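What follows is a single structure, written as structure tokens, with notes after it.
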Amino acid sequence: MHVVVNAAMSADGKLSSRRREQLAISGEEDFARVDRLRADSDAVVVGVGTVLADDPSLTVKDETLCERRLERGESAQPARVVVDSRARTPADAAVLDARAATYVCLSEAAPIDSRMDLADHAELVTAGENRVDLLRAFATLQEQGLDRLMVEGGGELIFSLFEAGLVDELSVYVGGKIIGGRDAPTLADGDGFVDEFPLLSLESVKRIDDGALLRWTVDS
Ligand code: NAP
């Protein structure tokens, strides 16, 4: 399995404002890059916090990229994965629409009624007692043939993935904007590390739109 985390942050490291509303941090050229990255992935992964804040569809927008996927014998769209311990994903969320297959990773604490609602729209993967056990959930996704995962956020999920040692690559677009706010989400939130910090090796730096794309690999 290969896991790429891709996110856009402000120059001060925020993924959005304290209102947790989706913000434009990058521009057209970076949107196109993110679309290509989605198209090259077997699945696009987010935490339920991002679903509740932004209601993203996580689909590839460029139809040529979808056609190329079909030519490669893949589905037109990559699958979508929501990490959602308690089945809080609303049944009418865009990520559950018919445009692509969706997996919702739950914990055993997810209420049965909510599970049943979600089961009409998505494949359910249960791993972990109170919170999704990411190692087990990702192992199940791999068994389903989802090998190249692109994680789009948010900060809680990204931190947990680093903590679990599941991240192979990090692509961060840094935009020319200051958002500020101690409660605004950052690239890696969670409890934070106090030692054994994950270390990265810088692979490339590229100017895109009015910001820079930094690509790092995660040291093993
Ligand atoms: P998030 O990371 O999308 O989702 C976090 C939630 O996932 C947790 O609260 C938890 O809820 C669930 N979860 C289940 N198992 C987990 C585990 N093992 N580790 C971590 N989380 C787990 O939410 P967020 O950090 O609040 O981020 C949302 C914000 O990020 C929004 O403001 C959105 O706009 C922004 N965002 C920005 C970008 C960007 O590139 N700029 C990309 C994505 C999102 P349960 O306990 O209920 O399961």
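Remember, it's 1-based here, ligands and their atoms both numbered in the order they're listed. Values in this document were obtained by computation on a predicted structure and should not be read as measured data.
For the 3.5 Å distance criterion, the side chains of S85 and R131 fail to qualify, holding no donor opposite an acceptor. In this model, no donor atom of one side chain and acceptor atom of the other lie less than 3.5 Å apart for S26 and R33. Inspection of the T217 and E203 side chains reveals an N or O donor paired with an N or O acceptor under 3.5 Å. Between the side chains of N130 and S107, no donor-acceptor pair is found at a separation under 3.5 Å. Under the 3.5 Å distance criterion, with hydrogens and angles disregarded, no donor-acceptor pair is assigned to the side chains of D117 and S114.
The shortest contact between atom 14 (C) of ligand 1 and any protein heavy atom is with S85 OG, 3.0 Å. Scanning the protein heavy atoms around atom 25 (O) of ligand 1, the nearest turns out to be E156 N, 2.9 Å. Here the protein heavy atom with the shortest distance to atom 8 (C) of ligand 1 is R131 NH2, 3.9 Å. Protein heavy atom in closest approach to atom 39 (C) of ligand 1: A8 O, 3.4 Å. With respect to atom 1 (P) of ligand 1, the closest heavy atom belonging to the protein is G154 N, 3.4 Å. When only non-hydrogen protein atoms are considered, atom 18 (N) of ligand 1 lies nearest to V132 O, 3.0 Å. Protein heavy atom nearest atom 3 (O) of ligand 1, with residue, atom name and distance: T50 OG1, 2.6 Å. For atom 24 (P) of ligand 1, the closest heavy atom belonging to the protein is R20 NH1, 3.7 Å.
Within the structure, the salt bridge (Lys or Arg N to Asp or Glu O under 4.0 Å) test picks out the following pairs touching residues 166-182 (sequence neighbours left out): E169-R215.
Atoms of ligand 1 lying under 4.0 Å from at least one heavy atom of R88, given by number and element, are 11 (O), 45 (P), 47 (O). Ligand 1 places these atoms under 4.0 Å from at least one heavy atom of S16: 31 (C), 32 (O), 34 (O). The distance from ligand 1 to the heavy atoms of A53 drops below 4.0 Å at these ligand atoms: 31 (C). Of all the atoms in ligand 1, the ones that sit under 4.0 Å from a non-hydrogen atom of L157 are 2 (O), 20 (C). Atoms of ligand 1 found under 4.0 Å from any heavy atom of A7 (numbered from 1 in listed order, with element): 40 (O). Atom numbering of ligand 1 starts at 1 in the shown order; those under 4.0 Å from a heavy atom of G153 are 3 (O), 43 (C). Residue contact check: D54 has heavy atoms under 4.0 Å from atoms 33 (C), 34 (O) of ligand 1. Listed by atom number, the atoms of ligand 1 under 4.0 Å from G155 heavy atoms are 2 (O), 25 (O), 27 (O).
Not a single N or O atom of P185, backbone or side chain, sits closer than 3.5 Å to an N or O atom of ligand 1. At under 3.5 Å, a nitrogen or oxygen of G47, whether backbone or side chain, sits near a nitrogen or oxygen of ligand 1. Polar contact check, S160 against ligand 1: a nitrogen or oxygen pair lies under 3.5 Å apart. Ligand 1 has a nitrogen or oxygen under 3.5 angstrom from a nitrogen or oxygen of L15. Of the polar atoms of I25, none of the N or O atoms is found under 3.5 Å from an N or O of ligand 1, judged by distance alone. Considering backbone and side-chain N/O of D84, none are found under 3.5 Å from N/O of ligand 1. Of the N or O atoms in E152, none lie within a sub-3.5 Å distance of an N or O in ligand 1. Considering both main-chain and side-chain atoms, D189 never comes within under 3.5 Å of ligand 1 through any nitrogen or oxygen pair.
Hydrophobic clustering, with ILVMFWY side chains joined whenever heavy atoms are under 4.5 angstrom apart, keeps L166 apart from V44. Residues V5 and Y173 do not share a hydrophobic cluster, defined by chaining ILVMFWY side chains whose heavy atoms lie under 4.5 Å apart. Placement of V172 and F31 in two distinct hydrophobic clusters is found when ILVMFWY residues are connected by side-chain heavy-atom separations under 4.5 Å, directly or transitively.
Between D35 and K61, the shortest heavy-atom distance links the atoms OD1-N, 2.8 Å. Taking each heavy atom of R38 and L58 in turn, the nearest pair found is NH1-C, 3.6 Å.
With respect to K14 and D12, no salt bridge is recorded, no charged nitrogen being found less than 4.0 Å from a carboxylate O.
For F162, the side-chain contact (heavy atoms from CB on, under 4.5 Å) partners are I158, V167, L170, F193, P198, L200, V218, not counting sequence neighbours.
Proximity of E123 to T102: side-chain heavy atoms (C-beta onward) are nowhere separated by under 4.5 Å.
The structure places OG1 of T50 at 11.5 Å from CG of D55, a figure rounded to the nearest 0.5 Å.
Under a 4.0 angstrom heavy-atom cut-off, V46 registers as lying outside contact with ligand 1.
Contact annotation for L134 and ligand 1: only side-chain heavy atoms (C-beta onward) come within less than 4.0 Å of the ligand.
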